[in-house]
Amino acid sequence: MATINGKDIRKLVVACDAGMGSSVMLASTLRKQLGKTGVTVEHTPVNSIPADADVVVCHSGLAARARSVAPDKPIVPFQVFLGDPAVTRVVKAIQQGTDLNV
């Protein structure tokens with residue numbers, strides 16, 4: 001299990017399969033929630049995770065692909081696009097500057 005401190009996260013990437021729909025909505029929601037923190041939130045296909053991402057959030061069905069594309073990045077898998085506890089943990093860690101275990 002890897003640990004990253006929320007205050008060290010400057011770029012969060014929401015990775016998806018096709019690039020439409022629910023993951024776009026999640027990225028928009030995260031931008032609003034993290035707006036005052038200075039964290040950049042991007043949305044990208046799982047096969048195009050940028051090298052400068054600090055943490056990657058993706059549906060659990062895509063986590064293995066995300067890990068193969070970005071093996072050195074913390075990957076946070078979730079089950080539900082809105083209100084998932086895993087995503088809530090990421091937001092709280094960033095807002096509070098606490099450790100996020102992934």
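One-based numbering along the sequence shown. Worth saying up front: this structure is predicted, and the values here are computed from it rather than measured.
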Reported [atom1]-to-[atom2] distance for the pair [X] and [Y], which is rounded to 0.5 angstrom:
X: L26; Y: T29; atom1: CG; atom2: OG1; answer: 6.0 Å
X: T40; Y: I9; atom1: OG1; atom2: CD1; answer: 12.0 Å
X: S22; Y: L82; atom1: OG; atom2: CG; answer: 7.5 Å

Without swapping roles, check the side chain of S48 against the backbone of T44 for a donor-acceptor pair under 3.5 Å.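 Answer holds: no.
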
Partner of R31 by side-chain contact (heavy atoms from CB on, under 4.5 Å), out of L12, V41, V14: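 It is V41; the other options fail the test.
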
With V56 as reference, evaluate V46, I49, V69 under the side-chain contact (heavy atoms from CB on, under 4.5 Å) test and give the passing residue.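 For V56, the side-chain contact (heavy atoms from CB on, under 4.5 Å) test succeeds with only one of V46, I49, V69, which is I49.
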
With side chains defined as the heavy atoms from C-beta onward, is the minimum distance between V87 and L30 less than 4.5 Å?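 The answer is yes; the side chains approach within 4.5 Å.
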
Beyond-backbone contact of V76 with V55, side-chain heavy atoms, under 4.5 angstrom: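 Heavy-atom side-chain distance check passes, below 4.5 Å.
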
Exercise: identify the closest heavy-atom pair between [X] and [Y]:
X: A70; Y: I75; result: O-CD1, 4.3 Å
X: D8; Y: I4; result: CB-CG1, 4.4 Å
X: C16; Y: S23; result: CB-OG, 3.1 Å
X: A86; Y: P77; result: CB-O, 3.4 Å

Got a list of side-chain donor-acceptor pairs under 3.5 Å for residues 91-101, not counting sequence neighbours?
residue: Q95; atom: NE2; partner: Q33; partner atom: O; Å: 3.1
residue: D99; atom: OD1; partner: N5; partner atom: ND2; Å: 3.0
residue: N101; atom: OD1; partner: T3; partner atom: OG1; Å: 2.7

For D52, check salt bridge (charged side-chain N to carboxylate O under 4.0 Å, His left out) against everything at least two apart and list the hits.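 Expected list: K11.
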
Does any pair with a residue in residues 59-85 pass salt bridge (charged side-chain N to carboxylate O under 4.0 Å, His left out), and if so which ones, sequence neighbours excluded?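 Checked against salt bridge (charged side-chain N to carboxylate O under 4.0 Å, His left out) - neighbours excluded - the pairs reaching residues 59-85 are D17-R65.
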
Excluding sequence neighbours, so at least two apart, what forms side-chain hydrogen bond (donor to acceptor under 3.5 Å, both in side chains) with S60?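 Partners of S60 under the side-chain hydrogen bond (donor to acceptor under 3.5 Å, both in side chains) test: Q79.
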
Pairs touching residues 81-102 that satisfy ring pair (Phe, Tyr, Trp, His ring centres under 6.0 Å), sequence neighbours left out: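 Found H59-F81, F78-F81.
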
